[in-house]
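When a residue number appears, it is its place in the shown sequence, counting from 1.
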Amino acid sequence: MYKRLIFILLMLMAFSEAFSQSNIYTSFYRKFEAVANKETSYKQFYTRIDSIVKTREPSNSSIKIEFDRDVDFGYTQQRINITLNGQYSYHLNLLTHHDTLCFASVLYGPAPFLSDKEDNYNKRTNHPKIDTLQAIKYLKLRNAFYGSTKTIDDLKNELNTAEVYALFCGEAADKTNEYKNIEQLVKQKRINELRSMLVSISCERQAYGVLGFKLLQKAHAKISINDKKIIAYLNRRKSALLECRGCFLSVFND
């Protein structure tokens, strides 16, 4: 009876700790989301987020801009990574135009290395703040340039994508599954699928598309003038890429 009582107490303590942790990360998720929903200025948004981070343990809490990159026509994509008390991680995906906050999405977990639990949590709870007029203006401009049909749902999904991007991986620098997939698309001349990468809102997937078309060129496949124009533009555009090693350099530099 005594052993059973101890077991029950231990189980209750474990449940209480897990519940407490869940409440903590849910609580801060909601705080960051409330700021995103209220603010229209990127500078003011960042200031308020930073002030929340400063309420936590200074030695174990941080706010870091992972990238701040050009995504065409004066629009910029930012990802802000946040750590609280050394264990609670969040990343904020943003689209801004000058100081206007056009899109703000709060996600739980250290991007791009999300666990299944974190990924499922985000799918259930994520409700990005979207400035519809700015989003439509941006999509209209890029659809006209890229010849694409991107929607606001595409904007949400592609800005929120958390993936590990690589062409090679491991000590032997083996080709990744994505590289092998691109090679297969090239071999089968599935140009439409490669073009969908080229016109993605994700800069990394665009880099995959550039690689695919480079491989097509080496195979002496015919490439349209419009696709060549897009590839030349992407080669000139200065956009930071998120990758697990410096393998995208081979895509943009001959």
Side-chain angles (χ1 to χ4, degrees), residues 25-53 63-82 88-112 114 118-163 165 196-206 209 234 237 239-242:
Y25 76 64
T26 300
S27 170
F28 280 96
Y29 186 102
R30 296 305 178 202
K31 285 184 180 181
F32 295 142
E33 193 175 56
V35 174
N37 287 335
K38 183 175 181 180
E39 297 299 338
T40 58
S41 161
Y42 167 71
K43 290 179 182 177
Q44 188 63 29
F45 169 82
Y46 185 91
T47 299
R48 289 193 59 193
I49 293 294
D50 186 44
S51 67
I52 294 173
V53 175
I63 179 169
K64 177 184 177 184
I65 298 177
E66 186 170 25
F67 56 70
D68 185 344
R69 64 192 185 188
D70 176 19
V71 286
D72 311 321
F73 315 111
Y75 288 80
T76 304
Q77 182 192 0
Q78 291 94 353
R79 178 177 290 163
I80 300 174
N81 289 340
I82 296 171
Y88 305 109
S89 298
Y90 305 82
H91 60 280
L92 316 180
N93 290 327
L94 313 175
L95 179 70
T96 61
H97 186 242
H98 303 303
D99 188 48
T100 300
L101 196 61
C102 309
F103 174 97
S105 179
V106 182
L107 296 167
Y108 177 69
L114 301 182
E118 291 162 346
D119 192 41
N120 289 332
Y121 177 82
N122 288 325
K123 286 176 180 176
R124 292 196 311 272
T125 61
N126 181 246
H127 300 289
K129 173 259 187 75
I130 301 175
D131 182 328
T132 305
L133 291 178
Q134 282 286 351
I136 290 174
K137 180 181 177 182
Y138 171 63
L139 291 171
K140 185 177 180 180
L141 288 168
R142 84 177 315 279
N143 283 338
F145 176 77
Y146 287 107
S148 58
T149 56
K150 297 294 184 182
T151 65
I152 287 181
D153 280 342
D154 293 324
L155 181 72
K156 171 188 171 182
N157 294 333
E158 294 179 37
L159 289 183
N160 271 343
T161 299
E163 295 181 31
Y165 298 93
S196 72
M197 295 181 184
L198 201 64
V199 304
S200 175
I201 297 170
S202 161
C203 294
E204 289 79 16
R205 294 211 66 79
Q206 287 186 302
L234 293 176
R237 189 180 69 183
S239 295
L241 295 176
L242 207 59

- What is the minimum heavy-atom distance between Q44 and E39, and which atoms define it? CG-OE1, 3.1 Å
- Message: Quick one: does any side-chain atom of E158 pair with a main-chain N or O of I201 as donor and acceptor, under 3.5 Å?
- Response: yes
- Query: How far apart are the closest heavy atoms of V199 and K150, and which atoms are they?
  - Reply: O-CE, 3.4 Å
- Query: Could you give the distance from CG (L92) to CG (L107), rounded to the nearest 0.5 Å?
  - Reply: 8.0 Å
- Query: Under 30°, 30 to 60°, or over 60°: which ring-plane class applies to F28 and Y90, parallel, tilted or perpendicular?
  - Reply: tilted
- Euclidean distance, Q206 CD relative to S196 OG, rounded to 0.5 Å: 11.0 Å
- Task: Can you measure from CD1 (I136) to CG (L141) and round to the nearest 0.5 angstrom?
- Result: 12.0 Å
- Query: How many angstroms lie between OH in Y42 and CG in L95, if you round to the nearest 0.5 Å?
  - Reply: 12.0 Å
- Residue that, paired with F103, satisfies side chain to side chain contact (heavy atoms under 4.5 Å, CB included) out of L94, I152, N160, T96: N160
- Item | Passing candidate, side chain to side chain contact (heavy atoms under 4.5 Å, CB included) with I82, options D50, I63, V106 | I63
- Under the salt bridge (Lys or Arg N to Asp or Glu O under 4.0 Å) test, residues paired with D154 that sit two or more places apart: none
- Message: Which heavy atom of Y108 sits nearest to which heavy atom of S89, and what is that distance?
- Response: CD1-O, 3.1 Å
- Closest heavy-atom pair and its distance - H97, G74: CD2-O, 3.3 Å
- Message: Which residues pass the salt bridge (Lys or Arg N to Asp or Glu O under 4.0 Å) test with D72, not counting sequence neighbours?
- Response: R237
- Query: Of all heavy-atom pairs between Y146 and L198, which one has the smallest distance, and what is that distance?
  - Reply: CE2-O, 4.2 Å
- Query: Can K43 be said to sit on top of Y46's aromatic six-ring, NZ or CZ under 6.0 Å from centre and within 45° of the ring axis?
  - Reply: no
- Message: Using modelled atom types and a 3.5 Å cut-off, is there a donor and acceptor pairing between side-chain atoms of K129 and backbone atoms of A36?
- Response: yes
- Query: Rounded to the nearest 0.5 Å, what separation is found between the CG atom of L139 and the CZ atom of F73?
  - Reply: 10.5 Å
- Message: Please check this pair: side chain of S51 against backbone of R48, looking for a donor-acceptor N/O pair closer than 3.5 Å.
- Response: yes
- Starting at CD of Q78, measure out to CD of E66 and round the result to the nearest 0.5 Å. 12.5 Å
- Would you say S239 and V71 make side-chain contact, with heavy atoms under 4.5 Å? no
- Item | Whether N93 side chain and L159 backbone form a donor-acceptor pair below 3.5 Å | yes
- Query: Taking all atoms of both residues into account, what is the closest heavy-atom pair of S148 and N143, and its distance?
  - Reply: OG-OD1, 2.7 Å
- Item | Under 3.5 Å side-chain donor-acceptor pair for T40 and D131 | no
- Side chain to side chain, Y138 and C102, heavy atoms closer than 4.5 Å: no
- Message: If you define the side chain from C-beta out and look only at heavy atoms, does anything of R30 sit under 4.5 Å from T125?
- Response: yes
